[in-house]
Each structure stands twice: as C-alpha cells, then as structure tokens.
Number of protein chains: 2
Amino acid sequence: MRSLETLLDLFRQNGLKITAQRRMILELLVNDDSHPTAEQVYRRILETIPDISRTTVYNTLGELTDLGELTPVHNISGRGQRYDTNQETHHHLHCVECHELLDISRDYERMDLSLEEASGYRILRHQVTFFGICPDCQTRRGDHAADEDGRQLLMQSAPDTE
Amino acid sequence: MRSLETLLDLFRQNGLKITAQRRMILELLVNDDSHPTAEQVYRRILETIPDISRTTVYNTLGELTDLGELTPVHNISGRGQRYDTNQETHHHLHCVECHELLDISRDYERMDLSLEEASGYRILRHQVTFFGICPDCQTRRGDHAADEDGRQLLMQSAPDTE
DNA sequence: GTTTCTGCAAAACCTTTGCACAGCT
DNA sequence: AGCTGTGCAAAGGTTTTGCAGAAAC
C-alpha cells in the first residue's frame, strides 16, 4: 500500500476530511498485508479508539476501495469480505484450512486467452490463486501426506511445487 | 459435474438417503454451469417443490461440498456464496460489473512456484481468474473504451486478450 | 423400526441505511 | 459557519442451529 502521507493527500484531494478514526485506519492498513476483514480492522482500531463504530470502519474501507487503494478479495468459506492492500500485480497463496492468504509478487505475464475464450469480455487483469495447506496446518494435521481424513478434493490433481 | 446416477450412488455409498428434495437439487445442478448461490438454487427448486426450505438447500449444498462434488468460489461484492459444479481443472472469467462468472477450460499447466514462494505450503491446485467486462455490460456502458467514468483500478495494467 | 432428513423458527453473522449530533477545515 | 463524518439503532440479507414431525431404507 502507498505511504500514509500519500493516502492522506489523496483523501484531502477528494474532499474527504482527515479524522482521527480515518487516520488510524489508514495507519493500520499501510503496513498490513494480512488481507483483513472489516471486523478485524474494527477490532484492532478498538484498542486505540474504544468508541469507534463499525459504520466508520465500513465507510472508510469503502472509500479506499472507491479510490482504488484497496481491493476486495475472494474469501472462500472464511467469514466476511477481505481486503487487499496490495495494488501491484501479484498473486495469492491460500490455505484451505485456516484461510491464511499470502501474496506472491511474481508476475505471470502472458496468460493468453484466445478471442473465443475471452467470450467478448474486455479483459482488465488476472490473478492466480494457489490453494494449499500452510505449514502450521500441516503440523496440526500430523504432517503425513498419505493418511488424510476428510475431503477427497484436497488430494486430486495436485501440481508440484517445483 | 458428474451424472445424476453417479451422484445418487455417491450419496447412497455415504449413507445419505435419496429424498425428492435432494434428487431435485442434484438434477438441477448436473447441467448448471452458472455458479449459482444457495438462494438461486432455492428459488429454482421452489418452482417444482413449493414447500422446500432453505435449510434443506443449504444442507444439500454442504453435503455436495464435503463429498468434493461442489466447490465454493470467490464472489467479490456479489451477494451470497457461489458454488462451482465443475471439478475439472479450469479457470474463471469474471465480469466486475454484473458478476457473471464463466468457465475457461484451458489448462495452464506449469504455473511454477519456487520453494521460497511456496512458503512451506503443500500446494494442491491453482486457478486463474480473469477480471473484465462482459459484452452486455460493455454495451450498457456505451461501449467506449476511452471515456469511462468511475474507478481507476479498472483501467490499469490491462493485458491484451490475444 | 431405526435412522436420517425436512421444515420451521430463531439466532448469529455481516453489511447497509437513516438520522441527530459532533468535529473538521 | 458550513459541510462532512461519526455513532447509534434498526433493518436487510445470508447462513447456521435446535428440534419435532415426516420420510427413507
């Protein structure tokens, strides 16, 4: 995400006032790459501004989204809309167990689509999501690749990591 | 999605009883590639089973997910969790305006991740999502690529479609 | 006949909205 | 001073839960 000063300027330029609440939300987001939900931002702001309301958090996240500084991201089976502070071209690594979401900064440049495949869409961007199991969740499960319980889909067509 | 008979067998094998409600939901999904939400499935089942409850629809979709026959998919800013009936390796084309979601059956085989990038994750699969504007929404907007209103983010780093 | 499923109602959860008061510039 | 933002409360939409009666095997 861009620097706090840049974001504050951007707010001013768009006629949005710099309040203590907004400043705190921006400060929190500037160095956050954890893709938090509104609720998570709210809870962390509560520690310094105990009487902030959820409305304000939702408003500010919406303003940042409209300004193009925040991007809503997929959140499969996790609760609540998550936000991505990273506006660079990047991709995602998503733990199917704990829903941790990491950024991958590599650029897979030429993901070509034939005209037929594009179905008349005007393509704006693309993003690759890798689904997997994070180290912590592997440990939690027992770390054995073979004797998994549960869902079959986890094991099928797994590409190599290298 | 697999055939109705296969799904019915799968249910039987897992001790799940074949009820009229479940059968109808399966029949509906077998030939549906529109990535419907639970609510959309519910509304369409209502036409033939007017007193089905949402609970039953949610239950059945959950069972299919646990069996690995249905995959929850990202649904950015659209309402409700969408489900993907396609378990083959495939990718997505997503309209950022109307949230239409199309399948692309191409296989981008070697999406390599370095060990460092994988961060210790055990990678299971990956999926590419192309974001764009569908033909209908282009028309609705006026079809001019140049003079767009709205959000900056839509125009940045747009790759060619060919 | 036993077990599981369904539908209902209620609750939980996430997000949006309307409005009066407070705060920023 | 004027305008915008904030917090509250309520509403709207989605999903989950507990349970009694109904249906499948």
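Numbers restart at 1 for each chain; the letters A, B, ... are given by sequence-line order, proteins then strands. These numbers come from the heavy atoms of this one structure, side chains and all, not from hydrogens, waters or symmetry mates.
- To the nearest angstrom, P of C/dC5 lies 13 Å from CG of B/Leu64.
- Side-chain N/O atoms of A/Gln21 include one lying less than 4.0 angstrom from OP1 or OP2 on D/dG7.
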Next on the checklist: Using the rule given for side chain to side chain contact (heavy atoms under 4.5 Å, CB included), can you reason through B/His92 versus B/Asp84, listing the C-alpha separation, both sets of side-chain angles and the distance that settles it, and then say yes or no?
Outcome noted: CA-CA 10 Å; B/His92 282 149; B/Asp84 196 334; 2.8 Å; yes

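- Side chain to side chain, B/Tyr83 and B/Gln40 fail the donor-acceptor criterion of an N or O pair below 3.5 Å.
- Distance B/Ile52 CD1 to C/dC8 C1': 14 Å, rounded to the nearest Å.
- With D/dG7, D/dC25, D/dG5 as the candidates, the nucleotide lying closest to the side chain of A/Thr56 is D/dG7.
- The residue among B/Thr19 and B/Ala38 whose nearest nucleotide of DNA chain D lies closer to the 5′ end is B/Ala38.
- Rounded to an integer number of Å, the gap from B/Arg82 CZ to D/dT14 P is 13 Å.
- Atom pair B/Arg12:CZ and D/dC25:P shows a separation of 7 Å (rounding to whole Å applied).
- Judged by distance alone with a 3.5 Å cut-off, a donor-acceptor contact links the side chain of B/Thr55 to the base of C/dC8.
- Taking atom OH on A/Tyr83 and atom P on C/dT15, their separation rounds to 7 Å, with Å as the unit.
- Counting only heavy atoms from C-beta on, A/Lys17 has its side chain closest to D/dC3 among C/dT16, D/dC3, D/dG7.
- Salt bridge A/Glu63/A/Arg22: present, at least one basic N to carboxylate O contact under 4.0 Å.
- If you take CG of A/Leu46 and C1' of D/dC8, they are 15 Å apart, rounded to a whole angstrom.
- Where B/Ala20 and A/Arg54 meet DNA chain C, the nucleotide closest to each residue was compared, and B/Ala20 sits on the side nearer the 5' end.
- Taking only side-chain nitrogens and oxygens, B/Tyr58 never comes nearer than 4.0 Å to OP1 or OP2 of D/dT16.
- As a whole-Å value, the separation of B/Arg79 CZ from D/dG12 C1' is 8 Å.
- A/Cys134 places none of its side-chain heavy atoms less than 4.5 Å from the side chain of A/Leu93.
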Next on the checklist: Determine whether B/His74 and B/Leu101 satisfy the following criterion, side chain to side chain contact (heavy atoms under 4.5 Å, CB included), listing intermediate values before the conclusion.
Outcome noted: CA-CA 10 Å; B/His74 68 139; B/Leu101 188 58; 3.9 Å; yes

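- One finds no side-chain N or O of B/Thr37 lying less than 4.0 angstrom from the OP1 or OP2 phosphate oxygen of D/dT14.
- Distance B/Leu16 CG to C/dT3 C1': 12 Å, rounded to the nearest Å.
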